[in-house]
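Input: a single structure, listed below in structure tokens.
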Amino acid sequence: MSNAQKAAVAVKKAGARKALNAANLAKLGPERLAVLLMEVAEGGASIKRRLKLELAGEAGAGVLAAEIARRIDAIDDSRARINWRKYKEFVRDLDAHRQAIAGRLAELDPDLALDLIVRLIGLSASLATRIKDTKGELAEVFSEAVTDAAEIAPKATLADAGLLADRLFDIVHHAPAGMALPLLRATAPALHGAALADLRGRLETVARGRGATRAWRSAAQILADAQGDVDGFIALFSPTEAVLPPVGAQIARRLLGAGRLGEARKALDRSTPERSAAGDPGAMDWTQVRIEVLEGLGDAEGAQAARWASFERDLDAGVLRAYLRRLPEFDDVEAEDRAMDLALDHRDVHAALGFLLDWPKFDLAARLVAERGDSLSGAKWELLERGARALEGRYPLAATLLLRAMIWDVVRHADTERYAQAKRWMLEAASLSVVLTDDGGYESHEEFAERVARMRRW
């Protein structure tokens, strides 16, 4: 090896030793690392707080809880707006405290951890007016904290759950419903006895008052579920609400769980949905509950009829599989063929394409694109792009038509935010044009590209 080569190897080895990673830092030893960390902490408050959290965790649950509580109180007491320059640092700091609660403190003392994770989530209301969370990073911290609360709550054995109940009531009152209701559902296992009954009573009182939002009623119903009180849950709906399919499904599901099958069926009969669009979540949920109720009543034929009716409306692959599994041998083949014919002619061409991709029946998906491609909306680009990926190998013409639909939608609406996507789709269409043996009577790639160029030059 020449001297130059030896020098190059030495430089490479030295570079590897200088790389900033955990293994290299460990080689410095604890004393040198401690000195370095103190120097770094002097220049950054968030780093100093992080180090204090680690040290507090070694000192015990009470010390760690006190350290976290001081930070939560400081944030809560402050009314100053958080400048965008401090946004990242603030979010990282809050998440570090969340992790300390959900990690070390939850291991040491689940009761203290549950109290503090709820208090941390309670900050969401005041921070909403003090910080612009345009990237959603702060909301993500609170969302993860709710998940943490759901994991901590079953481990907590609160001697007095009254304090937790008071905190939850305040959060339902002040925080957005999208945060408060999941938190209440997550922490309900830790509530018990008088605290649970008292909180539910307070929530119901507000829910029945004039001008109360739906969130209050939903909160009371979460606790009715926690107490296993089916009638109490139902009583919070008005008679006019009980005839709505989504509400009827909620009521029937709880009656079903309580073994009150006849009442569950009546609740569904009162709330039968009218003809709805494919994929309507309310109608789909109602149908699923109806199937479960019919099976519980021993009406297998009625349950099968409900499955087929659901498939006819929604083209749900899971529903069809459940239907076919319950058919006698050989009957399932004929039923599957009938289902494929139904999909090809379904009124919702997008639902049909999604079903044929999910089943999967790529040959029929390609046929659908060829026969009804003009009805496909390029705005549904996630579905069409998935279709193009699935079909490009064996059915390049169908894949090309899907790519063109997406491209044309972008240029027709001058959707500048999606120009980069459209350029990529155009390149993919160009690569597929090389392997097309039959253009199916459609314009060539060059002709399509020219038509696009006349609409918009990239």
Side-chain angles (χ1 to χ4, degrees), residues 84-85 87-88 91 128 131-140 143 176 178 276-281 314-315 343-358 360 362 364-458:
W84 64 269
R85 293 184 179 85
Y87 172 85
K88 288 273 189 187
V91 171
I131 188 169
K132 287 186 177 180
D133 188 32
T134 53
K135 295 182 179 180
E137 294 177 17
L138 182 62
E140 181 62 24
S143 178
S276 56
D280 175 14
D314 303 316
L315 294 183
L344 287 170
D345 294 328
H346 196 270
R347 66 182 184 278
D348 187 335
V349 67
H350 300 98
L353 178 60
F355 164 72
L356 293 171
L357 293 173
D358 290 339
F362 293 159
L364 295 183
R367 176 179 161 188
L368 179 76
V369 172
E371 294 178 352
R372 302 177 62 188
D374 290 345
S375 301
L376 290 168
S377 169
K380 295 184 180 294
W381 63 270
E382 289 161 320
L383 170 64
L384 271 59
E385 186 173 45
R386 179 162 69 93
R389 297 285 175 273
L391 301 177
E392 61 186 359
R394 294 180 60 188
Y395 305 98
L397 178 58
T400 298
L401 295 177
L402 293 174
L403 291 167
R404 288 182 182 181
M406 295 186 290
I407 295 166
W408 190 249
D409 181 76
V410 171
V411 297
R412 186 164 63 93
H413 294 101
D415 189 349
T416 56
E417 292 184 1
R418 293 170 57 205
Y419 276 172
Q421 279 182 305
K423 288 180 180 180
R424 176 168 53 80
W425 293 329
M426 184 66 85
L427 291 172
E428 292 172 11
S431 66
L432 288 175
S433 68
V434 178
V435 299
L436 286 179
T437 56
D438 179 10
D439 61 12
Y442 295 96
E443 62 187 334
S444 68
H445 175 73
E446 291 73 18
E447 291 169 332
F448 175 74
E450 184 178 344
R451 182 157 60 93
V452 168
R454 286 197 299 269
M455 290 287 291
R456 177 73 191 184
R457 297 200 177 276
W458 305 111

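Quick note: residue numbers are just sequence positions, from 1. Side-chain atoms are counted along with the backbone in the values below, which use heavy atoms only and exclude waters and symmetry mates.
Looking at every heavy atom in both residues, Leu391 comes nearest to Ala398 through CD1-CB, 3.9 Å. Taking every heavy atom of both residues into account, Phe355 and Ala343 meet most closely at CD2-CB, 3.7 Å. Taking all atoms of both residues into account, the shortest heavy-atom contact from His413 to Asp409 is ND1-O, 3.0 Å. Taking every heavy atom of both residues into account, Leu384 and Ala405 meet most closely at CD2-CB, 3.8 Å. Scanning all heavy atoms of the two residues, the minimum distance from Asp314 to Asp280 falls at OD1-N, 4.2 Å. Here the closest non-hydrogen pair linking Tyr87 and Asp133 is OH-OD1, 2.5 Å.
Between Arg389 and Glu385 there is a salt bridge, since at least one side-chain N of the basic residue sits less than 4.0 Å from a carboxylate O of the acidic one.
Lys423 contributes atom NZ, which lies 12.5 Å from atom CD1 of Ile407 (distance to the nearest 0.5 angstrom). Annotation: the span from Leu403 atom CG to Ser431 atom OG amounts to 8.5 Å, rounded to 0.5 Å. Taken from CG in Leu402 to CD in Glu392, the straight-line distance is 10.5 Å, to the nearest 0.5 Å. With rounding to the nearest 0.5 angstrom, the CG atom of Leu427 is 11.0 Å from the CG atom of Leu432. With rounding to the nearest 0.5 angstrom, the CG atom of Leu436 is 4.5 Å from the OG1 atom of Thr400. In this structure, His445 NE2 and Arg404 CZ are separated by 7.5 Å, a value rounded to the nearest 0.5 Å.
With sequence neighbours left out, Arg386 forms a salt bridge (charged side-chain N to carboxylate O under 4.0 Å, His left out) with Asp358. Listed by chain and residue number, Glu137 satisfy the salt bridge (charged side-chain N to carboxylate O under 4.0 Å, His left out) test with Lys88 (two or more places apart in sequence, or in another chain).
Checking side-chain atoms of Ser433 against main-chain N and O of Ala430 turns up a donor-acceptor pair under 3.5 Å.
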Pair Val410, Met406 - check side chain to side chain contact (heavy atoms under 4.5 Å, CB included), show working.
CA-CA 6 Å; Val410 171; Met406 295 186 290; 5.8 Å; no

With side chain to side chain contact (heavy atoms under 4.5 Å, CB included) as the criterion, how do Leu357 and Phe362 come out once you've worked through the C-alpha distance, each side chain's angles and the decisive distance to 0.1 Å?
CA-CA 6 Å; Leu357 293 173; Phe362 293 159; 4.1 Å; yes

Is there a salt bridge (Lys or Arg N to Asp or Glu O under 4.0 Å) between Glu447 and Arg451 once you walk through the steps?
CA-CA 6 Å; Glu447 291 169 332; Arg451 182 157 60 93; over 6 Å; no

For Leu356 and Leu344, run side chain to side chain contact (heavy atoms under 4.5 Å, CB included): C-alpha distance rounded to whole Å, both residues' side-chain angles, the deciding distance at 0.1 Å, then the answer.
CA-CA 9 Å; Leu356 293 171; Leu344 287 170; 4.2 Å; yes

Intermediate values then yes/no, side chain to side chain contact (heavy atoms under 4.5 Å, CB included), Leu383 and Leu353:
CA-CA 8 Å; Leu383 170 64; Leu353 178 60; 4.0 Å; yes

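Relative to the ring axis of Trp425, Arg418 does not place its NZ or CZ within 45° and under 6.0 Å from the centre.
Residues Phe448 and Met426 meet the side-chain proximity criterion, which asks for heavy atoms closer than 4.5 Å. A heavy-atom distance below 4.5 Å is found between the side chains of Tyr442 and Leu401.
Within a 6.0 Å sphere centred on CZ of Arg424, other residues, nucleotides and ligands contribute more than 12 heavy atoms.
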